[in-house]
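For reference, the structure is listed below as structure tokens.
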Amino acid sequence: SPAERLAALSSRHGGFWRYPVVDHCLLYNFHYPPRKIIDHMAGRLDFLVREYPSAQRPIAAFVAAYYGVDPAHLIVANGVSELIPLVLSGTTRPVVIPTPSFNEYEAVIDPALVRRFALRAEERFRVDPDRLLAAARACDAGHIVLVTPNNPTGNAVPRADVERIVIGAARFGARVILDESFVDFQAGGREASLMSDLAAHPNLVLLHSLSKAHGVGGLRLGLLASADAETVTRVRKAMPIWNINAFAEAYLRLFGAFRQEFRASCARVREETQALARALATIDGVTVFPTDANFVFCRLAPTIGTAPEITARLLADEGILIKDCSGKAMEDADRHVRISSRGSGDDARLVAALRRVIASMQADAGR
């Protein structure tokens, strides 16, 4: 049934390419990597399948050169999702998380230690540095989790505000876990990143997903960067000697030669996502929030149905999957969806399909 198909897909968290589904749920850069990288790797398939990859330290060394950081400050992992539980393992003090956010942070923490800092829709989900620091200090937080641009809301915390939060947290002995997985899609790109300032902020632990920014979700690549020697040592010891497969290593040894193509792809993603946001805003009953990422966060009016209803109908009628955000920690979560940009063609088809689904649901309700 349509409900069973949606439940099956949602529980997989990926692998959608095996099914007749257009995936506007998971988050990729659809304009990268370039064909030259794919062809180079395809031509070495025998070696990549048969040969052992390098150990984690040499891989971290050449990735650190790409980002201009000390190799001792960098860890390369199988996606940010592998790093999150390692970074937060053993924590005994509260963890403050502005919500809604990426649910994996809460999932790895003792629920008794989770302190949600509710972001307000009327403020466009802006993070107020002073309010956040006051809340963290009041509960003697050991960590503040800051995702910018935020998932699912899409808005970025200004760089000056991020630095203010990091400096303020240091004053009461808290670390800041800064998830910059979508930073490359912001206007100005990596200018907003704090990766170049690690030494100035030893309480900062920065996470970054190459899977999303570089469009290589299947390779599972994420980074941890920090001048906090205790955290880096602890996380590195928890990883096996071969934690990155040969396909991922091959990609990492190639991507540094394609910086210009990567920046151009991110600029194209920004343009297309903004165009998608404008098009979605023309649909009656859909409120679109500003985005600095490669996806659009939307609120649905009561007159057009809930997020679960529209997500299920869109999949059943149009074969399109979007993110139902009813599982997020926020007010009226079941009225919010997240829609990723796949490029102008697919985006236009999504907008037209969503119009048809809403019209059909309203017609059904009027019978």
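Given the structure is predicted, the values throughout are model-derived calculations rather than measurements.
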Item to check | Sequence neighbours excluded - salt bridge (Lys or Arg N to Asp or Glu O under 4.0 Å) pairs with any residue from residues 320-339 | outcome: Arg299-Asp332

Checklist outcome for this item: Residue pairs passing the ring pair (Phe, Tyr, Trp, His ring centres under 6.0 Å) test with at least one member in residues 56-108, sequence neighbours excluded, are Tyr66-Phe255

Item to check | Backbone N/O of Leu26 and side chain of Ser340: donor-acceptor pair under 3.5 Å | outcome: yes

Checklist entry - With distance as the sole criterion, is a donor-acceptor pair present between the side chains of His31 and Glu261 under 3.5 Å? => result no

Item to check | Any pair counted as side-chain hydrogen bond (donor to acceptor under 3.5 Å, both in side chains), so long as it reaches residues 275-289, sequence neighbours left out | outcome: Thr282-Arg355

Item to check | NZ/NE/NH1/NH2 to OD/OE distance under 4.0 Å, Glu106 and Arg116 | outcome: yes

Item to check | Check: Glu4 side chain, Ser1 main-chain N or O, donor-acceptor pair, under 3.5 Å | outcome: yes

Next on the checklist: With clusters defined by side-chain heavy atoms of hydrophobic residues (ILVMFWY) lying less than 4.5 Å apart, directly or transitively, does Val235 cluster with Val108?
Outcome noted: yes

Checklist outcome for this item: One should read off an interatomic distance between Ile177 CD1 and Ser226 OG, to the nearest 0.5 angstrom, of 10.0 Å

Next on the checklist: Walk me through whether Asp128 and Arg164 qualify under salt bridge (charged side-chain N to carboxylate O under 4.0 Å, His left out).
Outcome noted: CA-CA 10 Å; Asp128 184 308; Arg164 187 172 174 180; over 6 Å; no

Next on the checklist: Run the salt bridge (charged side-chain N to carboxylate O under 4.0 Å, His left out) test on Asp184 and Arg263 for me, step by step, so that the C-alpha distance in whole Å, both residues' side-chain angles and the decisive distance to 0.1 Å come before the verdict.
Outcome noted: CA-CA 8 Å; Asp184 294 290; Arg263 287 193 293 267; over 6 Å; no

Item to check | Flag for His214-Tyr251: side-chain donor and acceptor within less than 3.5 Å | outcome: yes

For residues 5-13, which side-chain donor-acceptor pairs fall under 3.5 Å, sequence neighbours excluded?
residue : atom : partner : partner atom : Å
Ser10   : OG   : Leu6    : O            : 2.9
Ser11   : OG   : Ala7    : O            : 3.3
Ser11   : OG   : Ala8    : O            : 2.9

Next on the checklist: Does Tyr19 have more than 12 heavy atoms from other residues, nucleotides or ligands lying within 6.0 Å of its OH?
Outcome noted: yes

Checklist entry - What is the minimum heavy-atom distance between Ile144 and Ile165, and which atoms define it? => result CD1-CG2, 4.3 Å

Considering only distance and modelled atom types, tabulate donor-acceptor pairs under 3.5 Å from the side chains of residues 302-311, sequence neighbours left out.
residue : atom : partner : partner atom : Å
Thr306  : OG1  : Glu309  : N            : 3.3
Thr306  : OG1  : Glu309  : OE1          : 3.4
Glu309  : OE1  : Thr306  : N            : 2.9
Thr311  : OG1  : Ala307  : O            : 2.8

Item to check | Test: Asp347 and Arg349 ion pair at under 4.0 Å | outcome: no

Next on the checklist: I'd like to know if the side chain of Glu318 reaches the main chain of Ala352, judged simply by a donor and an acceptor atom lying under 3.5 Å from each other, with no hydrogens or angles considered.
Outcome noted: no

Next on the checklist: If you compare all heavy atoms of Glu163 against all heavy atoms of Leu194, which two are closest, and at what distance to 0.1 Å?
Outcome noted: CG-CD2, 4.0 Å

Checklist entry - Can you tell me if Asn294 uses its side chain to pair, donor with acceptor, with the backbone of Tyr28 under 3.5 Å? => result yes

Item to check | Closest non-hydrogen atom pair between Ala213 and Asn29, with its separation | outcome: O-ND2, 3.0 Å

Next on the checklist: I'd like to know if the side chain of Glu104 pairs up with that of Ser81 as donor and acceptor (distance under 3.5 Å, no hydrogens or angles considered).
Outcome noted: no

Checklist outcome for this item: Residues joined to Ile241 in its hydrophobic cluster, side chain to side chain under 4.5 Å directly or through other members, sorted by chain and number, are Tyr52, Trp242

Checklist entry - Counting distance only, does the side-chain N/O of Arg342 pair as donor-acceptor with the main-chain N or O of His24 below 3.5 Å? => result no

Item to check | Results of ring-ring contact (aromatic ring centres under 6.0 Å, His included) for Phe125 - residues two or more places apart only | outcome: Phe289, Phe297

Checklist entry - At their closest point, which heavy atom of Ser193 faces which heavy atom of Glu180, and how far apart are they? => result OG-OE1, 2.6 Å

Item to check | Under 3.5 Å: donor-acceptor pair, side chain of Thr291, backbone of Ala293 | outcome: yes

Checklist entry - Looking only at atom types and distance, does a side-chain atom of Asp179 sit under 3.5 Å from a main-chain N or O of Val145, one as donor and one as acceptor? => result no

Next on the checklist: Within this structure, what is the SG-CG distance for the pair Cys325 and Asn103, rounded to the nearest 0.5 Å?
Outcome noted: 9.0 Å

Checklist entry - So, Arg131 side chain and Phe117 main chain: donor-acceptor pair closer than 3.5 Å or not? => result no

Checklist entry - Is it true that Asp317 and Arg356 have a side-chain N and a carboxylate O under 4.0 angstrom from each other? => result no

With a cut-off of 3.5 Å and sequence neighbours excluded, list every side-chain donor-acceptor pair involving residues 196-207.
residue : atom : partner : partner atom : Å
Asp197  : OD2  : Arg159  : NH2          : 2.7
Asn203  : ND2  : Val166  : O            : 3.0
Asn203  : ND2  : Ala174  : O            : 3.0

Next on the checklist: List the residues meeting salt bridge (charged side-chain N to carboxylate O under 4.0 Å, His left out) with Arg124, not counting sequence neighbours, and say none if there are none.
Outcome noted: none

Checklist entry - Which residues satisfy the side chain to side chain contact (heavy atoms under 4.5 Å, CB included) test with Arg50, sequence neighbours excluded? => result none

Item to check | Glu230 atom CD, over 12 foreign heavy atoms within 6.0 Å | outcome: yes

Checklist entry - To the nearest 0.5 Å, how far apart are CG in Leu146 and CG in Leu178? => result 5.5 Å

Item to check | Members sharing Ile167's hydrophobic cluster (side chains within less than 4.5 Å) | outcome: none

Item to check | Min side-chain heavy-atom separation Ile244-Arg220 under 4.5 Å | outcome: no

Next on the checklist: Does either side chain, that of Ser54 or that of Glu249, offer a donor lying less than 3.5 Å from an acceptor on the other one?
Outcome noted: yes

Item to check | Test item: Arg137 side-chain N/O and Gly168 main-chain N/O as donor-acceptor pair under 3.5 Å | outcome: no

Checklist entry - Can you tell me if Ser211 uses its side chain to pair, donor with acceptor, with the backbone of Leu221 under 3.5 Å? => result yes

Item to check | ring pair (Phe, Tyr, Trp, His ring centres under 6.0 Å): pairs with one or both residues in residues 134-158, sequence neighbours excluded | outcome: none

Checklist outcome for this item: Heavy-atom closest pair (Glu272 atom, Gly343 atom, distance to 0.1 Å) is OE1-CA, 3.2 Å

Checklist entry - Under 6.0 Å from the CZ atom of Arg57, do we count more than 12 heavy atoms belonging to anything else shown? => result no

Item to check | Over all atoms of both residues, closest heavy-atom pair of Val96 and Ala136 | outcome: CG2-CA, 3.8 Å

Checklist entry - Is any side-chain N of the basic residue among Arg270 and Asp292 closer than 4.0 Å to the acidic one's carboxylate O? => result no

Next on the checklist: Around atom CD of Gln260, are there more than 12 heavy atoms from other residues, nucleotides or ligands closer than 6.0 Å?
Outcome noted: no

